[in-house]
Structure formats: structure tokens, C-alpha cells
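Just follow the structure's listing: the first ligand is 1, and inside any ligand the first atom is 1. By convention here, the first residue in the shown sequence is residue 1.
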Amino acid sequence: MTFKVINGKKMADDLVEEVRLEVQQMCEAGHAAPGLAVVLVGDDPASGVYVRNKIRRAEQAGIRSIEKRMSADCNQEELDAVVEALNQDDDVHGILVQLPLPKHLSEERIIRLISPQKDVDGFHPVNVGLLGTGQADLVPCTPLGCLEMLQRELGDLSGKHAVIVGRSNIVGKPMANLLLQANCTITVVHSRTPNASEISRMADIVVAAVGVPKLVGDAWIKPGAVVIDVGINAIELDGKRKLVGDVDYDKVAPMCQAITPVPGGVGPMTIACLMKNTLVAAKRLMNISH
Ligand code: NAD
């Protein structure tokens, strides 16, 4: 079977360009450009790369970025104070605190402290609840990126059976809610599901968000399915460090209608969706209809 490789980088470029055009229109109408604050605690190299990529994308979209760097040994009160000041700052429309935080700081507390209206990661319980009832504006960026990819690839998703592998709060659960709203029939399988591969093999769409390199092999996939691989796993191969997904790409791709690669699939779309969320938050805070 010939399969299509879904080009996440190209889709992300298109989405960022759409955001840039809307930002340009806002500015031409006399509004301020959206402002995105990114808070980075400590000097974890992977987090540093993510933050740099987000800031670079913000520049491309015409979004002002405000970077707040804090030392790894800052205390909870200091971090809380930074977030509270950003909540009060009218020039800031989106707040992102890069996770994971150093162990002595509470991620749960920080997620709850960010104003739900500026919560461009969509992790605040208010936004989680709104997503559950189909009313959310601000949805976690990774599952939003996966949905955009599926809709740009397949159009209407109504009636498709989607299996989500993984039930995390940041990917699996919001993915299930989004696909349910897109009129899919949903099954979520996870580490305690005894026959996950058999269930997955019934799906038209498989979204893998597990964090186990190459877990999803050919036995998990129905011929002609569309596969979205969220996983980003660093492995050693022939003495070199390599990034692989949760899907065994070489075995699965030839069976698929379409599949996302790792890297170059979900990753770029996640950052592009952060720009989209920042635009949505800014428009709502400035009372501009969207
Ligand atoms: P997580 O560890 O929070 O959750 C993993 C989920 O997988 C759990 O719900 C668990 O029940 C399930 N699971 C574990 N073993 C399983 C098995 N054998 N069979 C079925 N289910 C199993 O992980 P997460 O935060 O959801 O991230 C998942 C992957 O996605 C990771 O590789 C992460 O790096 C990646 N990720 C990528 C992006 C991106 O932008 N591309 C964003 C977030 C996460």
C-alpha cells in the first residue's frame, strides 16, 4: 500500500502564517499585538530548546514574547509572584510555564494559579472542564495539533473510530474529548488494558501518546488506518542518539493511509497551536470577536 507521510512542519508553517495574518489585521485595526509570556525555571537543556523554538515561532507569527528566566533554586513564593504579576499585566495575553519544574516546586499549584483566560497550555481545571462540556477556547496544544492534522488530512471525521493509546492529562484525555466533539467513536487504551493491540487494530484513526519507543507495531494497526505518533523518545542506535516515536514507523507506515513522522510530525504542530491559542486568548481579552 502506498502511504502518505503527513508533513507536520508544512502544516505548522501554514497555521503560523494564518495566525500571522490575523495578528496583522488586529494591529491594522489599532489593537496591540498579542503578548505571550514564557517562564523558564532552571537550565534543563531540553526545556531551553523548547522555549527557544516557541519564542522563534512567536516572532514569525507577529506575537510579542516576554521571557522570564528563573534560577533552578527559586522558591515557590518567587515563582507564584512572577505568575501573579503576569496575570495582572494587560500586555500579556498568554502565560506558559515550561514543564517539568524542578522537583521542589508544585506544577499543580502553578497550573491553578495561571489565569484561565491566559492559560494557553489549556491545563487549568476550568479549561479542562470547559473542554469536557464542549465549550473550551483554550485546549492543550499537542492534542489540538493532532486534531488539526487529522482534519487537514481527512476533512470531516464524523463516524470514524479513533483509538487513543495513553490517558495522560496533557495528551490522551483531551485528545479523546476533542475527537468525541469531532463526532468520532472513541476508545482509550492504556497500561492496564489487557488487549490494547486488538482494540487498536479496529481503529480508523490511531493516536499513540505513550512514551514507550516503537510500542505500536503492525499488530496494532488495521490496513488503511491513519496514524498520529505523539511520542518523542531519545534512544541510542549504533552508538548515536536518535529520536523515535511510540510507533514502529518502518513496520507500520506501509500499512497506513497516512502517518506522521518523528521528528517533523506532531512536534511542530504543537508549537503552532500555542500561537493559535495565544491569538484566541488575546482576542478574547481585547473583546475582539473570533
Ligand atoms: P505520560 O507518561 O503522562 O502518559 C503515558 C500514557 O501511556 C499513560 O496514560 C499510560 O497508561 C499509557 N501507557 C503506558 N504504557 C502503555 C502500554 N504498554 N500500553 C498502552 N498504554 C500505555 O506521557 P505523555 O505526557 O502523554 O506523553 C506521551 C509521549 O508523547 C511521550 O513520548 C512524550 O515525550 C510525547 N509528547 C510529545 C509532545 C509533542 O509535542 N510532540 C507533547 C507531549 C508529549
Report task. Quick one: look up the protein heavy atom nearest atom 8 (C) of ligand 1 and list residue, atom name and how far away it is. Result -> Arg167 N, 3.9 Å
Report task. Quick one: look up the protein heavy atom nearest atom 44 (C) of ligand 1 and list residue, atom name and how far away it is. Result -> Val171 CG2, 4.1 Å
Query raised in the report: Tell me, do Val163 and Arg201 make a side-chain contact under 4.5 Å, heavy atoms counted?
Result: no
Report summary line: Rounded to the nearest 0.5 Å, the NE2 atom of His124 sits from the NZ atom of Lys118 at a distance of 13.5 Å
Query raised in the report: For ligand 1, is there an N or O atom under 3.5 Å from any N or O atom of Val189?
Result: no
Report summary line: The option among Val165, Val210, Ile271 carrying the non-hydrogen atom nearest to atom 15 (N) of ligand 1 is Val210
Query raised in the report: Which protein heavy atom lies closest to atom 26 (O) of ligand 1, and at what distance to 0.1 Å?
Result: Ser168 OG, 2.6 Å
Report summary line: among protein heavy atoms, the one nearest atom 25 (O) of ligand 1 is Ile170 CD1, 3.5 Å
Requested in this report: Assess Ala196 for proximity to ligand 1: is some non-hydrogen atom of it under 4.0 Å away?
Outcome: no
Report summary line: side-chain contact (heavy atoms from CB on, under 4.5 Å) filter on Ala196, not counting sequence neighbours, yields Val189, Thr193, Trp220
Query raised in the report: In the protein, which heavy atom is nearest to atom 37 (C) of ligand 1, and how far is it?
Result: Val230 O, 3.1 Å
Query - Proximity winner for atom 21 (N) of ligand 1, if only heavy atoms of His190, Met269, Lys173 are counted - result: His190
Requested in this report: Name the closest protein heavy atom to atom 29 (C) of ligand 1, giving the residue it belongs to and the distance to 0.1 Å.
Outcome: Gly211 N, 3.6 Å
Query raised in the report: Does the N or O separation between Trp220 and ligand 1 drop below 3.5 Å for any pair?
Result: no
Query raised in the report: For residues Gln24 and Glu28, is any side-chain donor paired with an opposing acceptor at under 3.5 Å?
Result: yes
Report summary line: For atom 40 (O) of ligand 1, the closest protein heavy atom turns out to be Thr270 OG1, 2.9 Å
Query raised in the report: Quick one: do Asp137 and Lys276 make a salt bridge, cutoff under 4.0 Å?
Result: no
Query raised in the report: So is Ala209 close enough to ligand 1, meaning a heavy atom under 4.0 angstrom away?
Result: yes
**Report entry** Passing candidate, side-chain contact (heavy atoms from CB on, under 4.5 Å) with Leu40, options Arg69, Lys68, Met70
**Finding:** Arg69
Report summary line: Smallest heavy-atom separation, Val120 atom then Ile95 atom, equals CG2-O, 3.5 Å
Report task. Considering heavy atoms of the protein only, find what lies nearest to atom 42 (C) of ligand 1 and give residue, atom and distance to 0.1 Å. Result -> Thr142 OG1, 3.1 Å
Query raised in the report: How does Thr193 reach ligand 1, if at all, at less than 4.0 Å between non-hydrogen atoms: by side chain, backbone, both, or neither?
Result: neither
Query raised in the report: Please walk me through it: do Lys160 and Glu153 pass salt bridge (charged side-chain N to carboxylate O under 4.0 Å, His left out)?
Result: CA-CA 13 Å; Lys160 306 266 186 215; Glu153 190 58 40; over 6 Å; no
Can you give the donor-acceptor pairs under 3.5 Å from side chains of residues 242-250 to other protein atoms, not counting sequence neighbours?
unit_1	atom_1	unit_2	atom_2	d
Asp246	OD1	Gly211	N	3.1
Asp246	OD1	Val212	N	3.2
Asp246	OD1	Asn233	ND2	2.9
Asp246	OD2	Val210	N	2.6
Asp246	OD2	Gly211	N	2.9
Asp248	OD2	Lys251	NZ	3.4

**Report entry** Sub-4.0 Å protein heavy atom next to atom 34 (O) of ligand 1
**Finding:** yes
Query raised in the report: Any idea which of Leu215, Val212, Leu99 brings a heavy atom closest to atom 17 (C) of ligand 1?
Result: Leu215
Query - Approximate separation, where rounding is to 0.5 Å, of Ile55 CD1 and Ile271 CD1 - result: 11.0 Å
Query raised in the report: Is Glu59 paired with Arg56 through a side-chain N to carboxylate O contact shorter than 4.0 Å?
Result: no
